[in-house]
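Below: the structure, in structure tokens.
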Amino acid sequence: MRIDNPASRMMTLHGRRRECQTVDQLLAAARSGRSGALVVRGSPGIGKSALLGYAMESASGFRQARATGVQSEMELAFAGLHQFCGQMLGRLHRLPGPQRDALSAAFGLTAGGAPDRFLVGLAVLNLLDEVAGDRPLLGVVEDAHWLDQASAQVLAFVGRRLHAVPVALLFAVRDPGPAADFAGIPELELTGLPDADARSLIASAIPGRLDERVRDRIIAEAQGNPLALLELHRGLTSAELAGGFGLTARQPLTGRIEGSFLRRTQAPPPPTLAGCSRPSPPVAVP
């Protein structure tokens, strides 16, 4: 459900007021016709996707374009760019001929050899300008570290050259991860939550009684990582949460979070959730 109060949206991201304000400023600039791009960096589970979700929820009146880097598609040139631009191709005829031909070749719409990536970049830059002609556009790229190199280069090229158009671009990149493709674009690094915000997040996730020793141990183990704060208590009984326990596992934090997800996916679904869910429809850009 959409929340229209910006202050209410901000409060759903514990400890991210400064980061949310940075996103709000980017969107406000786009609304006023000033473009911008931002690379959101951070370790797995630190909240990159949550911040991008905040941006999409906050972008009232914007058109939106999305892409997600897919590790298995990293060797497929322009696969990520096709995700991002696929719904915009109805405006392809408005581009200058060489740019139109280059982007058409990149997406296999016309025959020909490998397209000139500079022309592809110019084509995407002008295509975004066309799409944002009557209302601003928000472009969001999740897991940009898993984009194929051609797509990463083109989208970063666009992010560095946006000027005086109502377009905002956000890229989420895992840290440590590739940096060269997105060099020159402003960065926002997400770090762990302060203890006070970590306590608030845990309290919102565990409605029952929580022993202080349990809480403090989770906070110490999670090191401010929001996903870890939400996952490390799973699998513990109410009695264990209320009476204290020892987190004896010493595997890396990422492995323990993955183990939590694995246990949940292997468990049989409740009767009310059995069966297939309907996939979300793609976001179309008219």
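Note that the structure is a prediction, hence the values are computed from the model and not measured.
Considering NE2 of H145 and CE of M74, their distance stands at 8.5 Å, rounded to 0.5 Å. Distance check: L95 CG to L119 CG gives 11.0 Å after rounding to the nearest 0.5 Å. Interatomic distance, H82 NE2 to E73 CD, rounded to the nearest 0.5 Å: 10.5 Å. One finds the CD atom of E130 at 8.0 Å from the NE2 atom of H93 (value rounded to the nearest 0.5 Å). Atom-to-atom distance recorded for M56:CE and S49:OG is 8.0 Å, nearest 0.5 angstrom.
By the criterion of side-chain heavy atoms lying less than 4.5 angstrom apart, applied directly or through intervening Ile, Leu, Val, Met, Phe, Trp or Tyr residues, L122 is grouped together with L109 in one hydrophobic cluster. One hydrophobic cluster holds both F118 and V124 under the rule that ILVMFWY side chains link at heavy-atom gaps under 4.5 Å. L81 and V70 end up in different hydrophobic clusters when Ile, Leu, Val, Met, Phe, Trp and Tyr side chains are linked at under 4.5 Å.
Side-chain atoms of L137 and F62, non-hydrogen and from C-beta on, never get closer than 4.5 Å to each other. For the pair P44/R174, a side-chain contact is recorded, criterion being any heavy-atom separation below 4.5 Å from C-beta on. Using a 4.5 Å heavy-atom cutoff, the side chains of L38 and T22 are in contact. Residues L103 and P115 fail the side-chain proximity criterion, which asks for heavy atoms closer than 4.5 Å. At least one side-chain heavy atom of M88 sits less than 4.5 Å from a side-chain heavy atom of L128. S58 has its side chain out of reach of V23: every pair of non-hydrogen atoms, C-beta onward, lies at least 4.5 Å apart. Contact annotation: the side chain of T191 never approaches that of I46 to less than 4.5 Å [non-hydrogen atoms, C-beta and beyond]. Counting only heavy atoms from C-beta outward, the side chains of F107 and C85 approach each other to under 4.5 Å.
Judged purely by atom type and a 3.5 angstrom limit, S200 has no side-chain atom pairing as donor or acceptor with the backbone of A196. For Q83 (side chain) and T68 (main-chain N/O), a donor-acceptor pair under 3.5 Å exists by modelled atom type. Between the side chain of E19 and the main chain of L190, no donor-acceptor pair closer than 3.5 Å is present. The backbone N or O of G42 sits less than 3.5 Å from a side-chain atom of K48, completing a donor-acceptor pair.
Of the options R16, E231, H14, a side-chain contact (heavy atoms from CB on, under 4.5 Å) to P226 is made by R16 and by none of the others.
Note on R41 versus E189: no salt bridge recorded, every NZ/NE/NH1/NH2 to OD/OE distance being 4.0 Å or above. Between R91 and D129 no salt bridge is recorded (no basic side-chain N to carboxylate O distance below 4.0 Å).
Counting only residues at least two apart or in different chains, salt bridge (charged side-chain N to carboxylate O under 4.0 Å, His left out) contacts with residues 141-151 comprise R66-E142.
Scanning both residues, S104 and L92, for their nearest heavy atoms gives OG-CD2, 3.2 Å. Of all non-hydrogen atoms in A37 and L26, the two that sit nearest each other are N-CD1, 3.9 Å. In terms of heavy atoms, G61 sits closest to P136 at O-CD, 4.1 Å. The shortest non-hydrogen separation linking A144 to F182 is CB-CZ, 3.8 Å. Nearest approach of V120 to A106, heavy atoms of both residues: CG2-CB, 4.3 Å.
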(message) Set out, in order, the CA-CA distance, both residues' side-chain angles and the distance that settles side-chain contact (heavy atoms from CB on, under 4.5 Å) for V140 and L138, then state yes or no.
(response) CA-CA 7 Å; V140 170; L138 171 64; 3.8 Å; yes
(request) Applying side-chain contact (heavy atoms from CB on, under 4.5 Å), run through D134 and R63 and close with a yes or a no. (result) CA-CA 10 Å; D134 55 351; R63 287 191 169 92; 2.5 Å; yes
(request) Starting from the C-alpha separation in whole Å, work towards a yes-or-no answer on side-chain contact (heavy atoms from CB on, under 4.5 Å) for L13 and L51. (result) CA-CA 8 Å; L13 297 182; L51 189 62; 4.2 Å; yes
(message) Set out, in order, the CA-CA distance, both residues' side-chain angles and the distance that settles side-chain contact (heavy atoms from CB on, under 4.5 Å) for R199 and I219, then state yes or no.
(response) CA-CA 8 Å; R199 290 189 180 93; I219 290 173; 3.4 Å; yes
Mind listing the side-chain donor-acceptor pairs of residues 153-172 below 3.5 Å, one per line with the distance, residues two or more places apart or on another chain?
{"residue": "Q153", "atom": "OE1", "partner": "R117", "partner atom": "NH1", "Å": "2.7"}
{"residue": "R160", "atom": "NH1", "partner": "D181", "partner atom": "O", "Å": "3.1"}
{"residue": "R160", "atom": "NH1", "partner": "A183", "partner atom": "O", "Å": "2.8"}

